[in-house]
Every structure is written in C-alpha cells, then in structure tokens.
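Following: one structure in structure tokens, then a few remarks.
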Amino acid sequence: MNQIIHFKIKRQEGPGARSYWEEFKVPYAPGHNVISALMEIRENPVNVQGKRVVPVVWDCNCMEEVCGACSMIINGLPRQACATLVDDLDQPIVLEPLTKFPLVRDLVVDRSKMFNALTKVKSWISLDGTWDVHRHAPLMSPSVQSLRYLFSRCMTCGCCMEACPQYHSESEFVGPAPLGQVMMHNVHPTGEYDKPDRLHTLMAPGGITDCGNAQNCVKVCPKDIPLTDAIAELGRQTTVQWLRDLFVK
Ligand code: SF4
C-alpha cells in the first residue's frame, strides 16, 4: 500500500497561457477520493521539488456525483473527481482539464457551451397554464415515467461530450447530453407539444446527423444513461417528422 498519493497535474494559469505539468505528493489516508486529496494539496501546496506554489484550482460542489461540476480527465478518462477513489487508481494519478470546453484555469473549464445547447434544443417543458387544466392534464404512464427517470439523472457533467469525437470547437454538433434531454422531454405528455420544434433543430446542421455513432458517450457516462438508445430513437423521430413536413404544409 502506498503511503503517499502521487499526483501529476496539468496546470495553466488561464486561457492562452502556457500549460505545464506539476507533481505533488500528499500523505495517504484510506477513503480519499480525488477531490479530498486535492483539498490536501490546497492546504499545503508544495510540489515535489519542495517549492510552495499557487494552489491548484478545480471545481466541485455536491461531492456526491450529482452536480457534475468536478468533471476532469483522470488517468486518461473523463469522470467525476468526487466519485473516483484514490485506491482504485494507478499512480501517479494524472489529472487534466476537459479538452472540449474553454479552459478557465488549471482543472476548471467553462461548460456554458453545453448549457447553451440545452437552450437551443428547448430542453424544458412549457408549464404555463397547466394549473388551468388541473385534473384534466394528461397523465403519464409508469413506463414513460421509468424511461424519463433514466434520462433525468443527467447532471450535465460533460463527460459524454468530452468522449465524443464529433463534439469539438470546430463542430456545430449539439452533443450527446442535449440529445438525451430531447428524448426525455419529447416523451412527456405536455413536453410533446414542443417536440416538432426540438426535432426541427435536430434536423438542421449540428443536429442528429452529426453523430458519427462512435458510441463513446454511453461508455463514459457516470450515470449509465442510455444515450445511444436516445440517438437511435431520435433518428426515427426526425425521419417521421421529415415525412410529416412533406405532407403538412
Ligand atoms: Fe454526464 Fe451522462 Fe449527462 Fe453526459 S449524459 S452530461 S456523461 S450525466
């Protein structure tokens, strides 16, 4: 058992600055996850050369794999730092920021692009007026509830976007996470009213046909969200919408 935890961290002071690697060793204690070990570095930011440096910057919030804020690349894989146990990792533990989002500093990135994509695909259910219909509002079957629950677990962590080869700074592709959310809202009895708008967005450049079927997204999703099932179903829904558009002008 290692009595130290050895980190190799990719650092960068800000956008456009030169990146560099810095190594740290912190005392081992059982039960550390990556964030709690990073907290040790923050408390005593001395690198392996014995030099006191500016503490490493990272993002975190809930510490229970719900908020999605602590996504980073850990030993080559995008994952949640709060839910990744040090005991399960080879050392040195290599930490890098996600590469598909603009870097803010060290391990912090700006995931706004993903949130903007959710807006673009109308990732919401228009609630206005539902109180007027009261008991006459459409019911949701248990099977639809179960299906929606699968997709509702998305925490917009961005791991699927990081793993997707089609999602990058030069591409318009909305990415897998927003597609999962379209799936969730399109099957909702009230959300279905905006289904044609969502599908038309997915039929435009940057939509469903930009998916290259690499299937990396579903492999890295920490919540096991069936993203490839959603993509297949949305392919069917957009085809039906295209046919409808031919006949309904
Ligand atoms: Fe993260 Fe999974 Fe949501 Fe993608 S679908 S943002 S990997 S929780």
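Just so you know, ligand 1 is whichever comes first in the structure, and atom 1 is the first atom listed for that ligand. Quick note: residue numbers are just sequence positions, from 1.
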Sub-2.8 Å protein N, O or S atoms surrounding atom 2 (Fe) of ligand 1: Cys221 SG

Side-chain H-bond candidate by donor/acceptor type, Thr99 with Glu162, under 3.5 Å: yes

Ligand 1 atoms in contact with Gly158 (distance to a heavy atom under 4.0 Å): 1 (Fe), 6 (S)

Worked verdict on Asp87 versus Tyr28 for side chain to side chain donor-acceptor pair (under 3.5 Å): CA-CA 10 Å; Asp87 288 341; Tyr28 175 83; 2.8 Å; yes

Side chain to side chain donor-acceptor pair (under 3.5 Å) evaluation trace for Gln80 with Ser71: CA-CA 5 Å; Gln80 300 298 286; Ser71 305; 2.7 Å; yes

Test item: side-chain donor near acceptor, Gln237 and Glu233, under 3.5 Å: yes

Glu13, CD: over 12 other non-hydrogen atoms inside 6.0 angstrom: no

Phe101 versus Arg111, closest heavy-atom pair with distance: CD2-CA, 3.9 Å

